Amino acid sequence: MKKHHWGAVAAILLLLAAVAFVLYRWRTSGFDIHQFAESLRNVDWAWMTGALALILLTYVGRSLRWEVMLRPLTKPDFLGVLRATCIGFTAVVLFGRAGEPVRPYLIARNQKVSFPSQMAAWVVERILDLLMVLLIFGLALTQVSRSAVSHGPHVQHILQAGGTLAGLAGAICLALLIALRQFKGNVQTRLLESLAFLPAPLLKRFEVFFAAFGEGMQSTRSSSFTLLLVLYSAIEWMIIIGCDVCIFHAFPATAHLGLTDVVIVLGFVSFGSVLQIPGVGGGMQIVTVLVLTEFYGISLEAASSVALTLWLVSFVVIVPVGLILAFHEGIKWRNLRHIDTGTST
């Protein structure tokens, strides 16, 4: 079995183990649905309104960052990028991770650039987001002794070591981003030479794809553009942290958690959200419940209400906006399941 298959199987097994653990906790603790409902009723809507405003602002931030990646190729239409961003994230909620190509596809179509170039932009975005998560999460874990984590010193040492590893992984992501700046010329030539055994028509398609992909990496070859991308990414994640702070303060059970605690939870949740079940999320909610109950001693009912709210705010809030925009642009969702990944515009 290929390595990436092993990785996918391991991630699924971890998620299933987490689900089994949470279900076990629900059964053994006698999950109280009334306490769960009471936790939702006690939400402070002033804080929740702030969270909703901030999460909507993140889509503007993502669009501004993507616009920077479009500048070497065309004069970008910001509103077009924003519409595609909202529709694209709606597709992720509806289709799971299979909906990820929708956003680069719509941006490529609206901005009249090639689809592979926008997949390259998507790769850059993923690297930038992973870089920010690892750096912020790693820094928070190294400060775990100042947090409200309720476990003993051994667990804190393990988390601190994990923070160091996360920081190193963030440095690797930064190195990868720098390496991608060189995806042109000799690199493309060597890749094509390694594929010389393929039939001529297929080799030609790879040549066209690599050329278009290289176009999408142009923004990373400019130092000023790269710095702007990193700056936008840092601001984006500060807004996300602010949103999570608002959500945690909106619930009495988590209102006492400080900034370090919020970032620790956010770090775990960010990795859990990689596994998305269409329409219902998945990993994000399970990880939130596990971290809040096991690390912070919060009741299962309160943790479940926070996890549900985090998922609704982080992902589902954009769905009505995306559906309205898709309807306005005449987009048929069934067509988005079968995106043409060719290089034509």
Side-chain angles (χ1 to χ4, degrees), residues 36-37 39-66 78-100 102-103 106-107 125 129 132-133 232-233 235-251 254-255 262-263 265-266 268-289 292 302-329 331 333 336:
F36 170 77
S39 179
L40 290 174
R41 279 195 295 267
N42 289 332
V43 165
D44 185 331
W45 281 100
W47 283 107
M48 193 59 65
T49 301
L52 292 171
L54 288 173
I55 202 63
L56 291 175
L57 186 59
T58 63
Y59 296 100
V60 176
R62 289 186 179 278
S63 301
L64 286 170
R65 182 173 59 180
W66 201 295
F78 171 73
L79 290 180
V81 175
L82 180 59
R83 288 194 296 270
T85 298
C86 295
I87 296 170
F89 276 94
T90 298
V92 172
V93 176
L94 297 179
F95 305 148
R97 289 303 169 190
E100 289 283 9
V102 170
R103 182 162 46 121
L106 292 177
I107 292 174
E125 183 192 61
D129 282 340
M132 290 300 147
V133 169
Y232 276 145
S233 299
I235 294 173
E236 173 79 11
W237 280 91
M238 283 191 285
I239 295 172
I240 292 173
I241 292 171
C243 173
D244 285 9
V245 167
C246 288
I247 292 175
F248 277 52
H249 275 79
F251 287 87
T254 53
V262 173
V263 175
V265 176
L266 173 61
F268 282 110
V269 169
S270 296
F271 294 113
S273 65
V274 170
L275 291 171
Q276 284 287 314
I277 301 170
V280 297
M284 177 181 183
Q285 299 96 306
I286 297 297
V287 171
T288 304
V289 171
L292 290 178
S304 299
S305 64
V306 174
L308 176 63
T309 303
L310 274 172
W311 175 67
L312 289 173
V313 172
S314 300
F315 289 96
V316 182
V317 162
I318 198 61
V319 170
V321 178
L323 291 175
I324 292 171
L325 291 173
F327 177 78
H328 182 264
E329 296 199 7
I331 294 173
W333 289 101
L336 295 180

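Values in this document were obtained by computation on a predicted structure and should not be read as measured data.
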Do D44 and H249 have side chains that approach each other closer than 4.5 Å (heavy atoms only, starting at C-beta)? no

Looking at side-chain heavy atoms only, is the closest gap between V317 and F89 below 4.5 Å? no

State, to 0.1 Å, how close V289 and A303 come at their nearest heavy-atom pair, and which atoms those are. CG2-O, 4.1 Å

Side-chain polar contacts of residues 48-58 - donor-acceptor pairs under 3.5 angstrom, sequence neighbours left out - could you list them?
residue : atom : partner : partner atom : Å
T49     : OG1  : W45     : O            : 2.6
T58     : OG1  : I55     : O            : 2.4

Scanning both residues in full, the closest heavy-atom pair of L325 with C86 reads CD1-CB, 3.7 Å

Whether S305 side chain and A302 backbone form a donor-acceptor pair below 3.5 Å: yes

Does any non-hydrogen side-chain atom of F251 lie less than 4.5 Å from one of N42? no

Taking the side chain as everything from C-beta on, heavy atoms only, tell me whether W47 gets closer than 4.5 Å to I247. no

Does some side-chain heavy atom of L323 sit less than 4.5 Å from a side-chain heavy atom of L94? yes

State, to 0.1 Å, how close V81 and S63 come at their nearest heavy-atom pair, and which atoms those are. CG1-O, 3.7 Å

Closest contact, heavy atoms only, L64 versus Y232: O-CE1, 3.9 Å

Mark yes or no for whether T288, through its side chain, and A307, through its backbone, hold a donor-acceptor pair below 3.5 Å. no

Would you say the side chain of E100 lies within less than 4.5 Å of the side chain of F95, judging by non-hydrogen atoms? no

Sub-4.5 Å side-chain heavy-atom contact between F268 and L292: no

V265/D244 under side chain to side chain contact (heavy atoms under 4.5 Å, CB included): CA gap, chis, key distance, verdict: CA-CA 9 Å; V265 176; D244 285 9; over 6 Å; no

Thinking salt bridges, do R65 and E236 make one under a 4.0 Å N-O criterion? no

Point-to-point distance, once rounded to the nearest 0.5 Å, from CZ of F315 to CG of L310: 10.0 Å

Taking every heavy atom of A84 against every heavy atom of I107, the minimum-distance pair comes out as CB-CG1, 3.5 Å

V269 and V287 have their tightest heavy-atom pair at N-CG1, 3.9 Å

Tell me, please, which residues at least two apart from L312 pass side chain to side chain contact (heavy atoms under 4.5 Å, CB included). L308, V316

Any heavy-atom pair between the side chains of W237 and I240 that's under 4.5 Å? yes

Determine, step by step, whether H328 and R83 satisfy the side chain to side chain contact (heavy atoms under 4.5 Å, CB included) criterion, reporting the C-alpha distance in whole Å, the side-chain angles of both residues, the deciding distance to 0.1 Å, and the verdict. CA-CA 10 Å; H328 182 264; R83 288 194 296 270; 5.7 Å; no

Evaluate side chain to side chain contact (heavy atoms under 4.5 Å, CB included) for L40 paired with T309, printing each intermediate quantity in order. CA-CA 9 Å; L40 290 174; T309 303; 3.9 Å; yes

Audit row: M238, M132, side chain to side chain contact (heavy atoms under 4.5 Å, CB included) steps and yes/no: CA-CA 10 Å; M238 283 191 285; M132 290 300 147; over 6 Å; no

